[in-house]
Amino acid sequence: MRIRSDSRSRQPMFLLVCAAGLLFSATISAQTDAVTARDAWVRVPAKSKTETALYMVVENHTSQPRAIVSVSTDAAASAELHQMQMVKTMMVMTPVSQVAIPAHGKASFDPNGYHVMLFGLKTRPAPGDKIDVTLKLDDGTTVPVEAIVRK
Amino acid sequence: MRGWIVVLVALALVSCHRAELPVLPVGGNFALTDYNNQRFELSSLQGKAVLVFFGYTSCPDVCPTTLSKLASVDKELGKDASRVKVLYISVDPQRDTPAVLKEDLGSFDVDALGLTGTKPEIDKVVALFGASYEIIPTPTSAMKYSVAHSTTLYALDPNGRTRILFPYDASVDDIVGGVRAILASTT
């Protein structure tokens, strides 16, 4: 009797472990190829700085609009989505919460528009080095990006 | 108003390369601190054409783009480059100390002198050139604050008078042509 009751109480625990396992594998497999990045490059930081900008083209191969909501990297303390824009006669750089990628369209990150700012670079990148970053999309999937360092 | 001056000057340059360039009603002599921590006055550059712009070294796009473009201008000018000086005036004196300016400008292949000063000194020069800037707090970002700034490049003749205003998207050829016109009209 006692044994049965024990096995019943273990069942939910077993299911919980299974659910956690599924969730874990879902996180691992969240990487998508429905959205891809190309031509990614990072500007060599100015001599006194540990921050720099990353540029790339992100393409959405699906019929659903998507958005980049955050960026992460092991190469820097933090990574942020930023935008340069002309406001009246001034060029202003501000952080943005997301960057939209239209269905079957692209988001261009270039020196006159969006860029990813890397703050607190852990090592000083030289031309030719590679920096890996991960884009997180609004549906929870992730896009790996390999950027090359140039002047 | 300034946009019109840019357009008019650009048209004048296109229509007649050697036309007498107008003296524009912005600019004049000013004093700041250079990146060697020395007092600097514009009048000390008498005899050289001068390219002036405002920026800050934490700027990842506009300022490196302008400096790279000016390095190409210097290269195109060949031996005339020795008759031209670039002045980079920081509008972020809190972060851009003379030492920071010197270190960061050193990575560009251009004869540029970095200038800074107290906020009132910088504000005076900004007003003199009809430029503008604004400190924008960005509390959610690691950069803490951003500096919005006008991106005009001012071309001064060897007497320190402003002759051409180049917009941010002016090409290397536009700037080389303008500088040559300034040098030609004053020799």
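Chain letters run A, B, ... following the sequence lines, proteins first and then strands; every chain starts at 1. All values derive from a computational prediction rather than experimental measurement.
The candidate from A46(A), P111(A), G120(A), A77(A) with the greatest count of non-hydrogen atom pairs under 4.5 Å with chain B is P111(A). Note on S107(B), G106(B), S68(B), A142(B): by heavy-atom pairs under 4.5 Å with chain A, the leading option is A142(B).
Atoms CE and CE, from M143(B) and M117(A) in turn, are 7.0 Å apart once rounded to the nearest 0.5 Å. In this structure, the separation between CE on M91(A) and OG1 on T66(B) is 8.5 Å, given to the nearest 0.5 Å. For the atom pair M84(A) CE and T151(B) OG1, the distance stands at 9.5 Å (nearest 0.5 Å). Between the NZ atom in K47(A) and the NZ atom in K102(B) there is a gap of 11.0 Å [rounded to 0.5 Å]. Note that CD of E51(A) is 5.0 Å distant from OG of S58(B), once rounded to the nearest 0.5 Å.
The two atoms that bring S132(B) and T89(A) nearest to each other are OG-OG1, 3.6 Å, heavy atoms only. Closest heavy-atom contact between D104(B) and S48(A): OD1-N, 2.8 Å. E80(A) approaches S141(B) most closely through the heavy-atom pair OE1-OG, 2.6 Å. In plain terms, the two heavy atoms of P64(B) and R43(A) that are nearest each other are CB-NH1, 3.7 Å.
Taken together through direct or relayed side-chain contacts under 4.5 Å among Ile, Leu, Val, Met, Phe, Trp and Tyr, L77(B) and L45(B) form part of one hydrophobic cluster. Both V176(B) and Y154(B) are assigned to one and the same hydrophobic cluster, defined by single-linkage of ILVMFWY side chains at heavy-atom distances under 4.5 Å. Under a hydrophobic clustering in which Ile, Leu, Val, Met, Phe, Trp and Tyr are joined whenever their side-chain heavy atoms come within less than 4.5 Å, directly or via other members, V71(A) and V96(A) fall into the same cluster. A chain of hydrophobic side-chain contacts below 4.5 Å, direct or via other Ile, Leu, Val, Met, Phe, Trp or Tyr residues, connects F40(B) to L101(B). Under the 4.5 Å side-chain heavy-atom criterion for Ile, Leu, Val, Met, Phe, Trp and Tyr, V172(B) and Y88(B) are members of the same hydrophobic cluster.
Heavy atoms from other residues, nucleotides or ligands lying under 6.0 Å from CD of Q83(A) number more than 12. Around NZ of K49(A), the count of heavy atoms belonging to other residues, nucleotides or ligands within 6.0 Å exceeds 12. Atom NZ of K130(A) is surrounded by 12 or fewer heavy atoms from other residues, nucleotides or ligands within 6.0 Å. Sparse packing is recorded around CG of D109(B), with 12 or fewer heavy atoms of other residues, nucleotides or ligands lying under 6.0 Å away. For K136(A), the NZ atom sits in a loose shell: 12 or fewer heavy atoms of surrounding residues, nucleotides or ligands are nearer than 6.0 Å.
Of the two parts of Y56(B), only the side chain, counted from C-beta on, holds a non-hydrogen atom closer than 4.5 Å to a non-hydrogen atom of chain A. Using a 4.5 Å cut-off between heavy atoms, T138(B) contacts chain A through its side chain alone, with no backbone atom that close. Heavy atoms closer than 4.5 Å to chain A are found in the side chain of Y168(B), but not in its backbone.
Between I136(B) and M93(A), the closest side-chain pair of non-hydrogen atoms is not below 4.5 Å.
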